[in-house]
Amino acid sequence: MFPDMVDDRVLEQELFEVGRRLAAAMPVTRNPLKAFDEKAMDLASQDAELKAALFRFVDVVPACRSLEDLARHLTGFLGEVEQPPKPVGVAMRMGNTKAGRTALGASAAAGVRHMAHRFIVGESPKAALGVLRDLWKDGVASSVDLLGEATVTQGEAQRYADRCDEALDTVARHAVRWPERPQLEHDGAGPLPRANLSVKVSALTPLLRADAPERGKRDAADRLRPLLRRANELGAHLHIDMESMDSRDAVLELILELLGEDEFRAGPSAGLVLQAYLRDSPQSLDTILAWLGRVERAHPLTVRLVKGAYWDHEIVEAKQHGWDSPVFEVKADCDLNFELLTRRLLDARPAVRVAIASHNLRSVSHAIAYNRLSGGAESDLELQVLRGLGDPLQSAIARQGLRVRTYCPVGDLVAGMAYLVRRLLENTSNESFLHEQAQGAALEELLAKPRATAPA
Ligand SMILES: Cc1cc2nc3c(=O)[nH]c(=O)nc-3n(C[C@H](O)[C@H](O)[C@H](O)COP(=O)(O)OP(=O)(O)OC[C@H]3O[C@@H](n4cnc5c(N)ncnc54)[C@H](O)[C@@H]3O)c2cc1C
């Protein structure tokens, strides 16, 4: 590869070419934000108080026992909005009578359920198999994510670990019957597992605390080791997600320590996540690359590059404690850092397998363009999207013959609430790429280079 030879101007030209081709290949009928009720999305984007009320409502839905109960909560939360928009006023008047409350509750419950089914592929791994197989047939690989986070008891942590074990087994045994899809099964480093599971360390232990990281790491390691063994036996891939900043160091250390153990040198295929919204993410990548220089494993480490799903949480947490924010506060700074890390990761192959996870056409096109111009093979770059949000982009990527993997949450509505709220938060932000796209921004604008404010 010849990274030094990639000229910035040529890169921008190629990126626009790639972006235009992907945009043209996207199915026109499916707007990814359709999954969220458009009215609610529009109103929520314009009104911070209403947005907060809707999020709190979505949070309590699973705990509601009746439609009346649901409507009472909805009108209660909306009642706190000082100047409700017109549709909200109508909903609140409906809440004044029993019949009105029942009707309001029924439509709210149906709305939330409908929304959840667009993002969650099935209630159990077995129930999800049909969707996973159909995706594969259409040239799309998957990673299963079992919903359920922030475990508070040892029993819950063990149940989550048992569900992960079952999911690995169910998907791996089923996947052997899927038809051949060469672009999903091989890259320059060798075969790629068909079965792929993403896990969260906070669900594997109730003891993960920023002030006592070693206890949490030890407890999580006791549940992660058997899962690594199982993945190895089944020839599956195990990916460890990254969560909020308070567990970031512990999770990164845990993964690198475990994968460096003699037992796991030969397998399984495994990976971790790098979050570009963190100001110190370039240093985390230094740590990962230094580790790769010391530890030899049979499978290259997969690094999934994301921007980060806990932006609002990190901002609020830092404000509450009077800390400097660990995340960039200007979107363009985060986007440029994402591009910088993309190039560093692609330059670090073959020690890493690179997975670029984004719905942002510019971020994705940048990775494809840089890979081509630096002499990388198309098969040595993976693109990843979230089920329900990245569907049109996923189809466009697959149609170009590139490797795309869709992150597929599995679980019930109650467990899915935290996931849904994070997706809602992200997509009602005016700075979200999907929001801008849904507002009809021109392609040239969507592909334009972000303008930095942070010193390089
Ligand atoms: C397959 C897959 C797996 C994922 N796994 C994880 C994971 O393990 N851990 C995790 O944290 N996230 C994960 N994510 C979510 C990801 O971090 C992003 O939240 C999501 O993809 C949106 O980013 P984008 O590039 O698609 O969209 P964009 O609209 O380009 O970016 C939105 C993101 O920009 C950042 N942002 C928003 N406003 C600002 C601002 N003012 N200043 C600076 N930055 C800002 C936030 O990170 C926000 O999510 C995953 C995403 C995918 C597709």
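No experiment lies behind these values; they were computed from the predicted model shown. Note that ligands are numbered from 1 as they come in the structure, with each ligand's atoms numbered from 1 the same way. For the single chain, residues carry numbers from 1 onward in sequence order.
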Tell me, please, which residues at least two apart from Ala157 pass side-chain contact (heavy atoms from CB on, under 4.5 Å). Thr151, Pro206, Arg223

Give me the ring orientation class for Trp178 and His174: parallel if the planes are under 30° apart, tilted from 30 to 60°, perpendicular past 60°. perpendicular

Pair listing, side-chain hydrogen bond (donor to acceptor under 3.5 Å, both in side chains) test, anchored in residues 442-451, at least two apart: Asp8-Lys449

Looking at CZ of Arg159 and SG of Cys164, how far apart are the two atoms once the value is rounded to the nearest 0.5 Å? 13.0 Å

Can you find an N or O of Lys307 that's nearer than 3.5 Å to an N or O of ligand 1? yes

Which protein non-hydrogen atom lies closest to atom 35 (C) of ligand 1, naming both residue and atom, and how far is it? Cys334 SG, 4.0 Å

Is a side-chain donor-acceptor pair under 3.5 Å present for Asp246 with Ser244? yes

For atom 18 (C) of ligand 1, what is the nearest protein heavy atom, given as residue, atom name and distance? Glu426 OE2, 3.8 Å

Starting from atom 14 (N) of ligand 1, what is the nearest protein heavy atom, named by residue and atom, and what distance separates them? Val306 CG1, 3.8 Å

Which atoms of ligand 1 are found less than 4.0 Å from any heavy atom of Phe433? 28 (P), 29 (O), 30 (O)

Starting from atom 8 (O) of ligand 1, locate the nearest protein heavy atom and write down its residue, its atom name and how far away it is, to 0.1 Å. Met242 N, 3.2 Å

For ligand 1, note which part of Val330 has a heavy atom under 4.0 Å away: side chain, backbone, both or neither. backbone

Under 4.0 Å to a heavy atom of Phe328 - the qualifying atoms of ligand 1, by number: 42 (N), 43 (C), 44 (N)

Is it true that the side chains of Asp219 and Gln154 contain a donor and an acceptor less than 3.5 Å apart? yes

Would you say Tyr310 and Gln275 make side-chain contact, with heavy atoms under 4.5 Å? yes

I need the contact type for Gln275 against ligand 1. Using non-hydrogen atoms and a strict under-4.0 Å cut-off, is it side chain, backbone, both or neither? side chain

Check each heavy atom of Tyr407 against ligand 1 and say whether those closer than 4.0 Å belong to the side chain, the backbone, both or neither. side chain

Protein contact to atom 26 (O) of ligand 1 [nearest heavy atom, distance to 0.1 Å]: His359 N, 2.7 Å

Counting heavy atoms only, name the option from Gln384, Arg304, Glu314 that's nearest to atom 5 (N) of ligand 1. Arg304

Ring-plane angle category for Tyr370 and His366, please: parallel below 30°, perpendicular beyond 60°, tilted otherwise. parallel

Could you tell me the separation between the NZ atom of Lys331 and the OH atom of Tyr277, rounded to the nearest 0.5 Å? 13.5 Å

Can you list the atoms of ligand 1 that are under 4.0 Å from a heavy atom of Asn360? 25 (O), 26 (O), 30 (O)

Atoms of ligand 1 under 4.0 Å from any heavy atom of Ala357, numbered from 1 in the order shown, are 1 (C), 2 (C), 52 (C), 53 (C)

Among all protein non-hydrogen atoms, which one is nearest to atom 37 (C) of ligand 1, and what is the separation to 0.1 Å? Lys331 CD, 3.8 Å

Nearest protein heavy atom to atom 45 (C) of ligand 1, by residue and atom, and its distance? Trp311 NE1, 3.6 Å

Give yes or no for whether the N/O distance cutoff of 3.5 Å, strictly under, is met between Ala309 and ligand 1. yes

Atoms in ligand 1 flagged as close to Tyr310, the criterion being non-hydrogen separation under 4.0 Å: 11 (O)

Side chains of Gln283 and Leu278, heavy atoms from C-beta outward: is any pair under 4.5 Å? no

State, to 0.1 Å, how close Arg20 and Leu447 come at their nearest heavy-atom pair, and which atoms those are. N-CD1, 4.1 Å

Any donor-acceptor pair under 3.5 Å linking the side-chain atoms of Arg304 with those of Gln384? yes

Numbered in order shown, the ligand 1 atoms found under 4.0 Å of a heavy atom of Asp241 are 8 (O)

When every non-hydrogen atom of Leu184 is compared with those of Val404, the smallest separation belongs to CD2-O, 4.1 Å

Give the atom numbers and elements of ligand 1 that come within less than 4.0 Å of a heavy atom of Ser358. 24 (P), 25 (O), 26 (O)

Are any of the N/O atoms in Ser363 less than 3.5 Å from those in ligand 1? no

Between Phe338 and ligand 1, find which residue part has any heavy-atom pair under 4.0 Å and reply side chain, backbone, both or neither. neither

Which residue owns the protein heavy atom closest to atom 2 (C) of ligand 1, what's the atom, and how far is it? Leu386 CD2, 3.5 Å

Distance check, rounded to the nearest 0.5 Å: Thr406 atom OG1 versus Asp145 atom CG? 13.0 Å

